[in-house]
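The structure appears below as structure tokens.
We count ligands from 1, going down the list as the structure has it; atoms in each ligand are counted the same way.
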Amino acid sequence: GGAVRFENVHFAYDPARPVLQGVSFEIPPGKKLAVVGPSGAGKSTLSRLLFRFYDVGSGRITIDGQDIRSVSQHSLRSSLGIVPQDAVLFNDTLAYNIGYAREGATLAQIEAAAQAAQLHGFVASTPQGYETRVGERGLKLSGGEKQRVAIARTLLKDPPILIFDEATSALDSHNERAIQAQLDAVGRNKTVLVIAHRLSTVVDADEILVLEHGRVVERGRHAELLAAE
Ligand code: ADP
Ligand code: ADP
């Protein structure tokens with residue numbers, strides 16, 4: 001499962017200012033689609049619509065052929081995972097922050113996800129380990145560590161569809177490479193929607209859309225789009 005389709009999607013936060021103007025694309029199960037384009041083009045709005053933070057104005061979005069408006073919130077949430085630009089953490093323990101999206105996860109499962117996300121350095125450096133409260137003053141995580149928490153969360157939840165929304169764009173180049181390698185590994189064999197501002201970060205996508213002012217102005221593979229530049 002995990003086929004995502006946007007069919008002629010129109011959307012506006014404010015009726016006087018259209019944001020998406022007839023966007024169509026399909027991500028077959030296990031494939032990776034990237035959306036690039038300038039700031040304000042409507043890229044993150046695609047992810048907000050997929051999560052049903054907002055509903056489409058017209059057109060429709062389907063997952064495995066089903067209109068997401070007819071899917072329960074619980075089922076929709078369980079099929080989607082997101083690594084956003086700035087992972088939002090609760091002022092709670094590291095274990096809670098990794099485990100909250102997966103009901104009933106054991107500490108052993110949380111630890112395994114944290115290890116896979118390479119959070120062990122952080123855990124080892126704090127006396128309470130997984131019981132460390134990440135929001136406490138002085139224990140704030142760095143940008144790279146926050147992204148690793150979001151990745152661990154996603155690994156533990158293991159949804160069929162992943163969204164990486166500018167997931168590395170707030171990081172320095174060293175962390176960007178490290179986190180990018182992890183995202184590539186996490187996204188293998190999943191349906192992935194990558195939102196990026198630069199073409200150079202989405203070389204391996206099965207298809208790339210260029211979004212401008214809420215319209216798809218170009219689509220193709222990386223080499224084809226480079227040739228067209
Ligand atoms: P991108 O991710 O490509 O930078 P967004 O999808 O975040 O673009 O935003 C597209 C447009 O919608 C922008 O003009 C932005 O200002 C506007 N916008 C985003 N969120 C809201 C909102 N909650 N209310 C009103 N306008 C918004
Ligand atoms: P904005 O850029 O308008 O301030 P947010 O900071 O709320 O938007 O969110 C940034 C991105 O992360 C958005 O694409 C949003 O859909 C996504 N996002 C944030 N929190 C969640 C969440 N709890 N579940 C799903 N997606 C989220």
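Applying the 4.0 Å criterion to heavy atoms of R17 picks out, from ligand 1, the atoms 14 (O). Short contacts between ligand 1 and P38, defined as distances under 4.0 Å to a heavy atom of the residue, involve ligand atoms 3 (O).
Not counting sequence neighbours, F122 has no partner by the ring-ring contact (aromatic ring centres under 6.0 Å, His included) test.
Salt bridge D158/K190: present, at least one basic N to carboxylate O contact under 4.0 Å.
Q21 and H213 form no side-chain donor-acceptor contact under 3.5 Å, judged by distance and modelled atom types alone. Donor-acceptor pairing under 3.5 Å is recorded for the side chains of S44 and D165.
With D204 as the partner, the side-chain hydrogen bond (donor to acceptor under 3.5 Å, both in side chains) test is satisfied by one option alone out of H222, K32, R221: K32.
Among pairs with a residue in residues 9-38, those fulfilling ring pair (Phe, Tyr, Trp, His ring centres under 6.0 Å) read F6-F25, F11-Y13, F11-Y54, Y13-Y54, at least two apart in sequence or across chains.
Considering only non-hydrogen atoms, atom 7 (O) of ligand 1 lies nearest to R48 out of E166, R48, Q85.
Of the heavy atoms in T45, both backbone and side-chain atoms come closer than 4.0 Å to ligand 1. At a 4.0 Å heavy-atom cut-off, ligand 1 touches Y54 through the side chain alone.
Note on ligand 1: V19 sits in its first shell, one or more heavy atoms being nearer than 4.0 Å.
Checked by distance only, ligand 1 and G40 come closer than 3.5 Å through their nitrogen or oxygen atoms.
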